Amino acid sequence: MPKTQTYTLNMGPQHPSTHGVLQLELELDGEQVVKAIPYMGYLHRGIEKLAESRTYTQFIPYTDRLDYVASMGNNLGYCQTVEKLIEIEIPERAEYLRIIMTELNRIASHLLFMSSLAIDLGATTGMIYGFRDRETVLDLFDMVCGARLTYNYIRIGGVADDIPPEFIPATQKFLGDFPKILEEYHNLLTGNEILYYRLKNTGIINGKQALEVGLTGPCLRASGVDYDIRKVESYGIYDRFDFAVPLGENGDNWDRYIVRMEEMVESSKIIAQAIAQLPEGPFMAKVPKVLKPPAGDVYHRIENPRGELGFYIVSDGTTKPYRTHVRRPSFINLQALDEVCKGLLIADVVAVLATLDPLMGEVDC
Amino acid sequence: MSSQILSSEAISKLQAQFPNSISMIGEGCQQALLIEDSKFLTIMGVLKNDAAYQFTMLSNLTAVDYLDHFEVVYHLYSLNLKHTVTIKARCPADKPAIWSVMSIWASANFQEREVYDLLGLEFVGHADLRRILLPEDFEGHPLRKEYKLSAQDERRRVELCLKPRHTP
């Protein structure tokens, strides 16, 4: 009998499918993964420390740089946390604009997920199509705040500016085209036999294990656990909208893909309802120029495209926070990597990384 | 239905079960339970497994440097009962060590490593306590208040930038 032994293979940080600078140490038995250890920190900027020397308002642009493909959600989470601390009422119009922007951003983020999944598995066409339509959403953001990625749009007390008159027609046109766009993706990707067999029954994690390792967001829902903070906490005005929470069954790569595709449909429903109900009025509450929240600490969480995004802020009554902590979903979701990758082939690790969808800007903070 | 903070009856029940170990601090959304060191892990275990609490999710774990002591903060959530609770535990600054909750919530792994890395708190009983964001040979713990950013000397840096680089 020949004697066999495992060996380690280093994957990343310069690897196209690690979506940034994630390093994986794979312990392999032949081509099968025995253990996958993630190493992060290549993009660590010390944002939590920087927050301590910035005022509350100055920190908003830094949140853009966490999950930089879903910056609206980061802005929203941070601003709502500060608003919880200073107990302020937000104008109705601002609430609706916030919902429209974060849900549009969810669509943009999931489109990027789909595109990167496609190219990681070798389907270049899928990537090009996804990026084409994500561009439409980014143009909408460009219209409202002049930026495509780092918006700094949602502010403490409301939003930075009112929407221009051409925004609503452009959004409605996008929403009108969206079912057709999705059908195109489904024909191109979902109905693709190669993609199906690459994703189905690989990278399985059941609901119990997923909870154990701290998965949240679409990855947890793909394992059949009904946990969506938009429903659980109904922060902002989410209780006014009618939308479903798509759930998976097996918790495999395929379910994580399908759940996100269905979430985009639900997001488009929310946006349509929000546009229909959008009231007139001010877009910014009266917020003191110099913000001095009362001493205390507060934790607030929202549902970002990648999972539960939480902010913990300790105020000492001065203009700068005493401590700011960000609970980043991508960071904690990476704990599932080892569990999910066990027994897979290296090629499937690429698929798992694409469907877990960690974003290094957020992992490293 | 939106989630609720753990009801005061449930808190009194827990306090009766562990007299003198749990005190309430804060009000409203800032309400938290401060747990004494001696029974910490037992109480955390009860919070997860007892049918009256069922805190199956460790939502967030972090720590704050208050100069004379460190405070570790846990935000728990129960999927079944839809309630939340904030738990706090303290340790003195000269002996920065606290029990690891990894045996109760495996998801504490990365978050405890992060706190260890950035604040230098030791989690007793953690299976794999290493730095996670900073390189292994990094000295110091940046999120401690005593750690000053060299860039915090920003004025000096700006002056340096404004200075002409080359004078003929």
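Note that these values count all heavy atoms, side chains included, but never hydrogens, waters or copies made by symmetry. What you are looking at is a predicted structure, and each value in this text was computed from that prediction instead of being measured. Naming convention: chains lettered A, B, ... in sequence-line order (proteins, then strands); numbering from 1 in each chain.
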For this session: Using non-hydrogen atoms and a 4.5 Å limit, figure out which bit of B:T84 sits close to chain A: side chain, backbone, both or neither.
Result: side chain
Problem set entry | salt bridge (charged side-chain N to carboxylate O under 4.0 Å, His left out) evaluation trace for B:E71 with B:R90 | CA-CA 4 Å; B:E71 191 171 84; B:R90 286 174 185 169; 2.8 Å; yes
For this session: For A:Y238, check ring pair (Phe, Tyr, Trp, His ring centres under 6.0 Å) against everything at least two apart and list the hits.
Result: A:Y235
Problem set entry | Distance-only side-chain donor-acceptor flag, A:Y62 / A:R54, under 3.5 Å | yes
Exercise. Of the backbone (N, CA, C, O) and the side chain (C-beta and beyond), which part of A:I229 lies under 4.5 Å from a heavy atom of chain B, both, or neither?
Worked result: neither
For this session: Using only heavy-atom distances, determine whether the side chains of A:Q273 and A:D242 contain a donor-acceptor pair under 3.5 Å.
Result: no
Exercise. Chain B heavy atoms under 4.5 Å from A:D239: which part of the residue, side chain, backbone, both or neither?
Worked result: neither
Exercise. Who pairs with B:F110 by ring pair (Phe, Tyr, Trp, His ring centres under 6.0 Å), at least two apart in sequence or on another chain?
Worked result: A:F331
Problem set entry | Donor on one side chain, acceptor on other, B:H75 and B:N60, under 3.5 Å | yes
Exercise. Does any heavy atom of chain A fall under 4.5 Å from the side chain of B:L134, the backbone, both, or neither of them?
Worked result: side chain
Exercise. Can B:E36 and B:S21 be counted as having a side-chain donor-acceptor contact under 3.5 angstrom?
Worked result: no
Exercise. Is A:K320 close enough and on-axis enough to A:F59, meaning under 6.0 Å and within 45°, for cation-pi?
Worked result: no
Exercise. So, B:H83 versus B:Q4: side-chain donor-acceptor pair below 3.5 Å or not?
Worked result: no
Problem set entry | chain A interface, residue from B:A32, B:S59, B:A63 that has the most non-hydrogen pairs under 4.5 Å | B:S59
Exercise. Heavy atoms under 4.5 Å from chain A: which residues of residues 117-126 of chain B carry them?
Worked result: B:L118, B:L119
For this session: Sort B:R113 into side chain, backbone, both or neither according to what part of it lies under 4.5 angstrom from a heavy atom of chain A.
Result: neither
Exercise. By a 4.5 Å heavy-atom criterion (distance strictly below it), what part of A:R45 contacts chain B: side chain, backbone, both, or neither?
Worked result: neither
Exercise. Where on A:V363 is there a heavy atom nearer than 4.5 Å to chain B: the side chain, the backbone, both, or neither?
Worked result: backbone
Exercise. Who wins among A:L50, A:D297, A:L85, A:V213 for the most heavy-atom pairs under 4.5 Å with chain B?
Worked result: A:D297
Exercise. Non-hydrogen atoms of chain B under 4.5 Å away: do they reach the side chain of A:E308, the backbone, both or neither?
Worked result: side chain
Exercise. Side chain, backbone, both or neither: which part of B:Y66 has an atom under 4.5 Å from a heavy atom of chain A?
Worked result: both
Exercise. Do B:N80 and B:S78 meet the criterion of a side-chain donor-acceptor pair at a distance under 3.5 Å?
Worked result: no
For this session: Would you tell me whether B:D128 and B:N109 have side-chain atoms, one donor and one acceptor, within less than 3.5 Å of each other?
Result: no
For this session: Please flag which part of A:V314 lies under 4.5 Å from any non-hydrogen atom of chain B: side chain, backbone, both or neither.
Result: side chain
Seminar exercise, completed: Across all chains, not counting sequence neighbours, the ring pair (Phe, Tyr, Trp, His ring centres under 6.0 Å) partners of B:Y53 are none
